[in-house]
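Working notes, structure below.
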Number of protein chains: 4
Amino acid sequence: MTKKESLVYAAMELFAENGFEKTSTANIAKRAQVSEALIFKHFTNKDGLLDAVLKQGYADVLKSNKNMLESKDPLSFVHRVIELPYVLYLKHPLFWKMQAQLQTHPKANHAQEHFVKPVKSILANSLRNLGYSNPDKESELILTVVDSVWKKLAVDDNFNIGAKDLIKYIQDKYTIEIKQENK
Amino acid sequence: MTKKESLVYAAMELFAENGFEKTSTANIAKRAQVSEALIFKHFTNKDGLLDAVLKQGYADVLKSNKNMLESKDPLSFVHRVIELPYVLYLKHPLFWKMQAQLQTHPKANHAQEHFVKPVKSILANSLRNLGYSNPDKESELILTVVDSVWKKLAVDDNFNIGAKDLIKYIQDKYTIEIKQENK
Amino acid sequence: MTKKESLVYAAMELFAENGFEKTSTANIAKRAQVSEALIFKHFTNKDGLLDAVLKQGYADVLKSNKNMLESKDPLSFVHRVIELPYVLYLKHPLFWKMQAQLQTHPKANHAQEHFVKPVKSILANSLRNLGYSNPDKESELILTVVDSVWKKLAVDDNFNIGAKDLIKYIQDKYTIEIKQENK
Amino acid sequence: MTKKESLVYAAMELFAENGFEKTSTANIAKRAQVSEALIFKHFTNKDGLLDAVLKQGYADVLKSNKNMLESKDPLSFVHRVIELPYVLYLKHPLFWKMQAQLQTHPKANHAQEHFVKPVKSILANSLRNLGYSNPDKESELILTVVDSVWKKLAVDDNFNIGAKDLIKYIQDKYTIEIKQENK
DNA sequence: TATGAATGAGGTTTCATTCAT
DNA sequence: CATGAATGAAACCTCATTCAT
């Protein structure tokens with residue numbers, strides 16, 4: 001790992017633990033075992049480092065989750081969407097913890113842009129095919145749940161314990177509901 | 001309004017706008033039109049001010065929402081819970097924006113404690129009475145949605161537009177679902 | 001002397017000795033026997049301190065040199081102008097040394113504005129009355145000399161030795177020249 | 001142009017624009033389109049680069065102005081001296097702008113040494129031959145004007161406009177004065 | 001109660017310089 | 001000869017907090 005990468009991952013860890021504001025560049029450099037000045041050589045300023053951390057984080061997440069939403073039938077697509085936050089979180093907990101910390105930072109709230117928005121219309125279509133009379137609202141409801149789940153996972157370690165069961169419960173609920181819609 | 005109160009509400013505004021870390025005591029004093037030193041006379045330190053702000057916020061919220069969850073039948077209790085975040089947010093948006101900002105601050109995440117936890121078992125009981133086979137999980141699901149809704153309201157102004165409709169949609173969904181459970 | 005004033009004069013000394021860029025705020029605070037942070041409380045930033053130093057300097061100079069250019073006849077006005085840099089420098093050497101150091105700083109080159117420009121047209125008029133055929137150019141020449149003299153005084157200690165004689169020589173030269181013009 | 005030369009001229013430009021202290025080695029390297037490290041290979045340190053810049057500058061100036069003060073009769077020598085700063089400045093404005101910026105830098109103030117001092121005694125002699133009763137002081141006066149002119153040219157673009165006329169005026173003044181001295 | 005003056009500790013950033021390649 | 005990577009020291013500035021009045 002190059003020193004530049006060390007800095008990115010050290011920053012990701014610390015931003016995840018303590019948030020952006022409470023993490024000093026001195027601390028990041030220390031954790032990366034690198035001089036503080038190197039941060040500014042590579043990333044211009046602290047915000048530039050944040051950009052790099054976010055970019056790296058998204059790249060990592062996307063790399064390991066290509067095609068994860070592909071599925072033949074609409075029902076299994078709905079299932080995929082419901083388990084999405086759980087699956088993503090387990091693979092890159094650090095990145096999502098950081099995202100939760102950065103929730104209000106102007107630069108950071110692109111999780112919505114990257115993961116939620118693109119899914120919204122596809123999900124609505126699937127739900128329409130599955131017979132839902134108000135697929136847009138139903139889609140919005142599901143995504144609200146999804147959005148809540150990864151944030152709770154990131155913030156509350158207790159939530160993790162029952163999270164898998166909850167996901168399963170929601171998936172099953174939709175399986176049943178959909179059967180009834182189609183009757 | 002006393003100077004002490006001015007400080008509390010000035011702090012609430014600024015914490016809501018910019019978060020705790022990015023708000024300086026100098027700024028709070030300026031907005032309250034009061035000397036910076038007064039913060040420390042009244043609240044010992046910045047954290048003490050935060051305590052006071054939270055206390056005041058909860059007091060305000062509770063004062064205007066007494067008995068808001070009381071209801072005769074289980075179904076209308078479920079409806080009350082679902083609309084809870086919307087109703088609370090509209091009355092005290094500043095406080096909930098601040099809560100969203102403070103999400104990771106150790107002192108602040110008592111919204112759960114104060115509003116969600118006490119509801120959980122009652123909600124589960126209501127759902128049991130309404131014929132749900134897994135009332136605990138269903139309760140958890142509803143509260144997950146509820147938790148997401150107020151945070152989205154606080155953070156995303158676009159969400160506010162359709163929020164009322166979404167709430168209505170969810171309430172209706174449970175009305176129908178419950179009828180079917182009881183058939 | 002208040003701490004604020006201490007800072008202004010400490011800064012004036014150090015700017016005079018080493019220039020603006022080579023003087024650190026830490027150093028100024030040390031010389032003023034005051035905390036570095038106080039600079040920023042009182043003057044916002046280093047440039048603000050420079051503003052204050054210049055303002056103070058001009059105030060001091062003007063205070064002790066009111067009406068110094070008043071004179072009944074044109075010839076003695078010319079004499080006053082010629083000796084102006086010498087007289088001013090002797091009273092506030094520090095300020096003029098600082099001005100010499102700041103020559104290229106955008107904020108600082110107001111010596112021209114404050115002392116030279118206002119004199120130019122009056123001097124030209126006096127010279128016209130004294131029979132000069134090209135009073136504007138002659139005025140410009142005299143002011144060029146004047147401008148050079150204070151800068152040399154400020155920068156070169158050797159120049160100080162003969163400066164008084166040089167001033168006298170120039171004054172006498174104009175006395176003679178003017179007699180001839182008027183013949 | 002070799003990379004070394006690129007560095008020298010890039011530095012001269014930037015020192016002229018912003019002064020020595022406000023010019024960073026990083027900036028110089030960028031303008032020269034060369035690596036920063038090369039500065040230290042070639043010139044040991046930033047001061048070494050300044051030395052090289054000065055040396056180069058003087059060499060350039062001297063090269064294009066050999067024998068410029070040679071003249072058969074004393075009067076035209078006086079004329080040459082008076083126009084010296086104007087002539088020199090027009091050929092190498094960058095170098096003289098830099099000299100003005102460096103006025104207080106210990107290394108830089110050798111313009112006096114190189115150009116003014118050697119002229120002083122010759123000028124005094126010429127003036128003696130021309131009948132001046134106090135040739136040393138008159139020489140000093142002329143050199144004071146000369147010293148002022150190049151600095152004003154370097155610092156104030158407005159001065160440039162009328163500079164040529166002013167020079168002419170001064171030359172003519174001495175022509176007339178000298179005639180009268182010799183009557 | 002209320003304030004203006006003051007500060008120590010720490011934050012981000014800049015800079016000249018070194019070194020391995 | 002030339003560079004990219006790296007750094008220690010120091011620069012300017014911010015901040016929560018203290019204290020005398």
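Just so it is clear, the structure is predicted and the values come from calculations on it, not from any experiment. Any value given below was found using the heavy atoms of this structure, including those in side chains, with hydrogens, waters and symmetry copies removed. So you know, we letter chains A, B, ... as the sequences are listed, proteins then strands, and number each from 1.
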Start with the C-alpha gap between A/Leu153 and A/Trp96, add the side-chain angles, then the distance that decides, and say whether side-chain contact (heavy atoms from CB on, under 4.5 Å) holds.
CA-CA 9 Å; A/Leu153 284 165; A/Trp96 296 104; over 6 Å; no

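- Atom CZ in B/Phe43 sits about 18 Å away from atom C1' in F/dT18, given to the nearest Å.
- Between E/dA16 and D/Thr25, a contact under 4.0 Å exists linking OP1 or OP2 to a side-chain N or O.
- With DNA chain F read from its 5' end, the first of the two nearest nucleotides for A/Thr2 and B/Asn45 is the one closest to A/Thr2.
- Using modelled atom types, one finds no donor on one side chain facing an acceptor on the other under 3.5 Å when comparing D/Gln99 with D/Lys151.
- Looking only at side-chain heavy atoms (C-beta outward), A/Phe95 and A/Val61 come within less than 4.5 Å of each other.
- Side chain of D/Thr23 to main chain of D/Asn18: no donor-acceptor pair is present (N/O by atom type, distance under 3.5 Å, no hydrogens or angles).
- The shortest side-chain heavy-atom distance between B/Met98 and B/Leu102 falls under the 4.5 Å cut-off.
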What protein N or O atoms touch nucleotides 3-5 of chain E N or O atoms at under 3.5 angstrom, if any, and at what distances?
| unit_1 | atom_1 | unit_2 | atom_2 | d |
| --- | --- | --- | --- | --- |
| E/dT3 | OP1 | B/Lys3 | NZ | 3.0 |
| E/dT3 | OP2 | B/Ser35 | N | 3.0 |
| E/dT3 | OP2 | B/Ser35 | OG | 3.3 |

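- Annotation: the span from C/Asp60 atom CG to C/Leu94 atom CG amounts to 10.5 Å, rounded to 0.5 Å.
- Using a cut-off of 4.0 Å between Lys/Arg side-chain N and Asp/Glu carboxylate O, C/Lys97 and C/Asp157 are scored as salt-bridged.
- The distance from atom NZ of A/Lys46 to atom C1' of E/dT14 is 18 Å, rounded to the nearest whole Å.
- Fit an axis to the five pairs at each end of the helix from E/dA2-F/dT21 to E/dT21-F/dA2 and the two axes sit 20° apart, to the nearest 10 degrees.
- Across residues 16-24 of chain B, B/Thr23, B/Ser24 each have a non-hydrogen atom less than 4.0 Å from an atom of DNA chain F (numbered order).
- Evaluation of the salt bridge (charged side-chain N to carboxylate O under 4.0 Å, His left out) test over residues 26-40 of chain B, restricted to residues two or more places apart or in two chains, returns B/Glu13-B/Arg31, B/Glu17-B/Arg31.
- Applying the ring-ring contact (aromatic ring centres under 6.0 Å, His included) rule to D/Phe20 yields the partners D/Phe15, D/His105; only residues at least two apart in sequence or on another chain are considered.
- For residues 50-59 of chain C, the pairs satisfying salt bridge (charged side-chain N to carboxylate O under 4.0 Å, His left out) are C/Asp51-C/Lys107, with sequence neighbours left out.
- Nearest-nucleotide positions on DNA chain E place A/Asn27 closer to the 5' end than the other of D/Ala26 and A/Asn27.
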